[in-house]
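First, the structure itself, so that you have it in front of you.
Read the numbers this way: they start at 1 and go in the same order the structure lists the ligands and their atoms. Note that the numbering runs from 1 along the sequence shown for the chain.
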Amino acid sequence: MQSVIDNLNNWIIKVPEEFSRMSELDVSQRPMPLKWSKKEILGHLCDSAINNLERFIKIQYELQPFFLTPYNQDQWVDIQDYQDISIEEIINLWCNLNKKIIKVIVKIPTKKLTYLCDIGNNKVMTLEWLIKDYLEHMEHHLKNQIFK
Ligand code: NI
């Protein structure tokens, strides 16, 4: 779990640095009409943080397995209107959400890391898996789409 926390802390430093080198056009441009801009991808990562923060909290006290509620990613990005918000505001939101997530993760007692959640399709995973998957999903978007 320490490596997840170290990685999140590194990204909190790196993401604002990397974005400061990009132009407004670069962060706002959609590669295709229906594809997200870099702003919107970072917004999607805010939505992921919002939804996963709730999961990391609820799994700790709800009945097991805790059933994950999916969220419609395109609708969230659209309704939150990230394309029309300044990149600074999205970066601040993303940093603050992830700082909060780190604070929650560091306080999870070791025994709770094996608590179970149902991720759909009859797949049951542990809280530890869910936290690692959160980082993996974030790094996929950062490495392959935003900072490629
Ligand atoms: Ni995604």
Notebook entry, point to check: Which residue, Ile50, Asn51, Ile57, forms the side chain to side chain contact (heavy atoms under 4.5 Å, CB included) with Leu53?
Noted result: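 Exactly one option meets the side chain to side chain contact (heavy atoms under 4.5 Å, CB included) with Leu53, and it is Ile57.
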Would you say His140 reaches the Ni ion (ligand 1) with an N/O/S atom under 2.8 Å?
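His140 does not place any N, O or S atom closer than 2.8 Å to the Ni ion (ligand 1).
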Interatomic distance, NZ@Lys148 vs NE2@His141, rounded to 0.5 Å, equals 13.0 Å
Proximal heteroatom of His44 relative to the Ni ion (ligand 1) (N/O/S):
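The nearest such atom is NE2.
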*If you check every N/O/S atom of His141, which is the one nearest the Ni ion (ligand 1)?*
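It is NE2, the N, O or S atom of His141 closest to the Ni ion (ligand 1).
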- prompt: Are Phe147 and Phe19 near enough that their ring centres are under 6.0 Å apart?
  reply: yes
Within-4.5 Å side-chain heavy-atom neighbours: Leu113 and Met1: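 Yes; the side chains approach each other to less than 4.5 Å.
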